[in-house]
2 protein chains.
Amino acid sequence: MAKSKQELIDIAVGSSEKREQILQGAMQVFLSQGYANTSMDRVAAAARVSKQTIYSHFQDKEGLFTAIIERVTIHRIQRELGSTELRGDPPILLRQLAEAFLNKLANPEYLSLFRVVIAESVRFPELAQLYTRTVIQKGRGLLSDYFQSHPELNIADPEATAHIFLGSLVSFVIAQEVLYGKQIMPIEQERLIDALILLILGGYGVHTSRSG
Amino acid sequence: MAKSKQELIDIAVGSSEKREQILQGAMQVFLSQGYANTSMDRVAAAARVSKQTIYSHFQDKEGLFTAIIERVTIHRIQRELGSTELRGDPPILLRQLAEAFLNKLANPEYLSLFRVVIAESVRFPELAQLYTRTVIQKGRGLLSDYFQSHPELNIADPEATAHIFLGSLVSFVIAQEVLYGKQIMPIEQERLIDALILLILGGYGVHTSRSG
DNA sequence: GTCTATAAGCCGATAGAC
DNA sequence: GTCTATCGGCTTATAGAC
């Protein structure tokens, strides 16, 4: 029987309904269980496909894992990051940005991806670098450009300052959510954001004579 | 035969030469390979002991892993952290502290511990919390106390500021070393430290009229 | 293409000799 | 206490029926 146009496209780009089904199921298991602790049997069960079907779409376990992490990193995260617009009054924008960033990071799916990428950074260094390029480098670049386009903020090193801003938030989420500090350390996110904005903007909006 | 005094002490505290040998070998394998990817056979080979000897000293794989992480976290790291004295002129002290902290963190053994704790934070949440208490909370407390004892620095929230200082450095190491950003992102550590100290101390030592 | 069944090997944990 | 040898189960990956 002749193939439909969609089927031909699917084959050309390597996609298909089954392949998508496998990716969805495997993503769920890999992200929650990690690489070594995920069996192909479990992936097959989660995707509601037989094991052989998986092996007909992906070379092996490593290939499947790589495909999933690339997919999640590039498509899902990159998309949300790209839609962020950095405009507006600095104190308001930075606060909104910090809150949005923290809420995104605290999402279980982001936490899982972060955990897995860190955990498998030795076995899959190319995935770690992909994460660095698409998530970290991109985010830092956006914020750095914003700082650079606002010379009135008097920021000596926009790139380093962007790292400090985002890095503080990342490590906050690691300590609070990934390492369960939430249950033993009563630091609230608003205090961190307040202190961070005060540091970066200094007296901006309150005093304008910071540099002298 | 009667037991020597040392042997009685060993039994009382659960230590022995063989036990120590096992811990050393297991530490090496667990920290470099992760939990799931470490087999008891490999631990036995690394410790140059038979498997049964391991099982006579530890209940199971989880027990051995827990013992190792607790040991490394509490003894090694805590010891070095405890010996840190925070005294001196703020600009100099903060720079020295940042450099010492970054050098420590970049040490392969610290990176491995961090990686493993993050990777197994779901399976072993109590180890993650131990790490939080002994490493993160302790370090933050020390720096926070220092800020608090120097009111001339004009730091509104010492605890949050301590988090920002240490968190920026931690996430820098994660991006550079754990996620191999070093090879693709040319940000140097001195730039980060400069920016960080400038933010926190503001015009301290250059201008003293920061607050208006 | 997708299934069931199974190969081939490694895993954690234990039994038994000494 | 420590060794060698081994068990049952689970792993990745493949063969063969349909």
Side-chain angles (χ1 to χ4, degrees), chain A residues 1-4 6-26 29-30 32-68 119-120 123-124, chain B residues 1-4 6-30 32-69 116 119-120 123-124:
Chain A
M1 207 227 258
K3 287 180 167 56
S4 73
Q6 184 56 50
E7 281 172 325
L8 288 172
I9 294 172
D10 285 348
I11 291 164
V13 295
S15 73
S16 73
E17 219 168 89
K18 282 285 176 195
R19 188 189 164 91
E20 183 59 34
Q21 198 175 329
I22 294 168
L23 283 170
Q24 285 298 327
V29 184
F30 272 121
S32 66
Q33 304 295 322
Y35 180 79
N37 209 34
T38 293
S39 74
M40 295 297 266
D41 277 307
R42 200 156 173 186
V43 171
R48 298 209 264 187
V49 192
S50 79
K51 263 202 287 187
Q52 182 57 42
T53 303
I54 299 176
Y55 280 101
S56 72
H57 284 273
F58 301 91
Q59 205 193 352
D60 52 17
K61 192 182 175 183
E62 291 199 4
L64 176 58
F65 180 70
T66 300
I68 285 164
E120 299 303 331
R123 202 201 298 243
F124 300 95
Chain B
M1 202 221 264
K3 287 180 167 56
S4 73
Q6 183 57 50
E7 281 173 325
L8 287 172
I9 294 173
D10 284 349
I11 292 165
V13 295
S15 75
S16 74
E17 220 169 88
K18 281 286 177 196
R19 189 189 164 91
E20 183 59 34
Q21 198 174 328
I22 294 168
L23 284 170
Q24 285 299 327
M27 179 169 57
Q28 204 183 348
V29 185
F30 271 122
S32 66
Q33 304 295 320
Y35 180 79
N37 209 33
T38 293
S39 73
M40 294 299 266
D41 277 306
R42 199 158 174 184
V43 170
R48 297 209 265 187
V49 192
S50 79
K51 264 201 291 186
Q52 183 56 40
T53 303
I54 300 176
Y55 280 103
S56 72
H57 284 272
F58 300 91
Q59 204 193 353
D60 53 15
K61 191 182 176 184
E62 291 199 3
L64 177 58
F65 180 71
T66 300
I68 286 164
I69 300 299
V116 171
E120 298 303 331
R123 201 200 299 242
F124 299 94

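Protein chains get the first letters and strands the later ones, always in sequence-line order, with residue 1 at the start of each.
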### Message
Considering only residues two or more places apart or on different chains, which pairs with a residue in residues 35-57 of chain A satisfy salt bridge (Lys or Arg N to Asp or Glu O under 4.0 Å)?
### Response
A:Asp41-A:Lys51
### Query
Under 4.0 Å: is that the gap between some side-chain N or O of A:His57 and OP1 or OP2 of C:dT2?
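Yes, because at least one side-chain N or O of A:His57 sits under 4.0 Å from OP1 or OP2 of C:dT2.
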### Message
If the cut-off is 4.0 Å, is B:Thr53 near the phosphate of D:dT2, judged by side-chain N/O to OP1 or OP2?
### Response
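Checking B:Thr53 against D:dT2: no side-chain N or O falls below 4.0 Å of OP1 or OP2.
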### Query
Counting side-chain heavy atoms from C-beta on, which of C:dT2, D:dC3, D:dT2 comes nearest to B:Lys18?
D:dT2
### Residue list, side chain to side chain contact (heavy atoms under 4.5 Å, CB included) with B:Ala67, at least two apart or on another chain
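B:Ala67 satisfies side chain to side chain contact (heavy atoms under 4.5 Å, CB included) with B:Leu23, B:Phe58 once adjacent residues are dropped.
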### Task
Output all residues satisfying side chain to side chain contact (heavy atoms under 4.5 Å, CB included) with A:Ala36, sequence neighbours left out; order by chain, then residue number.
A:Arg123, B:Ala36
#### Entry: A:Gln24: partners by side-chain hydrogen bond (donor to acceptor under 3.5 Å, both in side chains), with sequence neighbours left out
A:Glu20
### Query
When you check every protein heavy atom under 4.0 Å of nucleotides 5-13 of chain C, what one-letter string (B, S, -) results, 5' to 3'?
------SBB
Figure out the [atom1]/[atom2] separation between [X] and [N], and round it to whole Å.
X: A:Phe58; N: D:dT14; atom1: CZ; atom2: C1'; answer: 18 Å
X: A:Arg19; N: C:dG1; atom1: CZ; atom2: P; answer: 13 Å
X: A:Gln21; N: C:dG1; atom1: CD; atom2: C1'; answer: 13 Å

### Query
Between the main-chain N or O of A:Thr38 and the side-chain N or O of A:Lys61, is there a donor-acceptor pair closer than 3.5 Å?
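Such a contact is found between A:Lys61 side chain and A:Thr38 backbone.
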### Task
Could you list the residues that satisfy ring pair (Phe, Tyr, Trp, His ring centres under 6.0 Å) with B:Phe124, not counting sequence neighbours?
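Residues passing ring pair (Phe, Tyr, Trp, His ring centres under 6.0 Å) with B:Phe124: B:Tyr35, B:Phe65.
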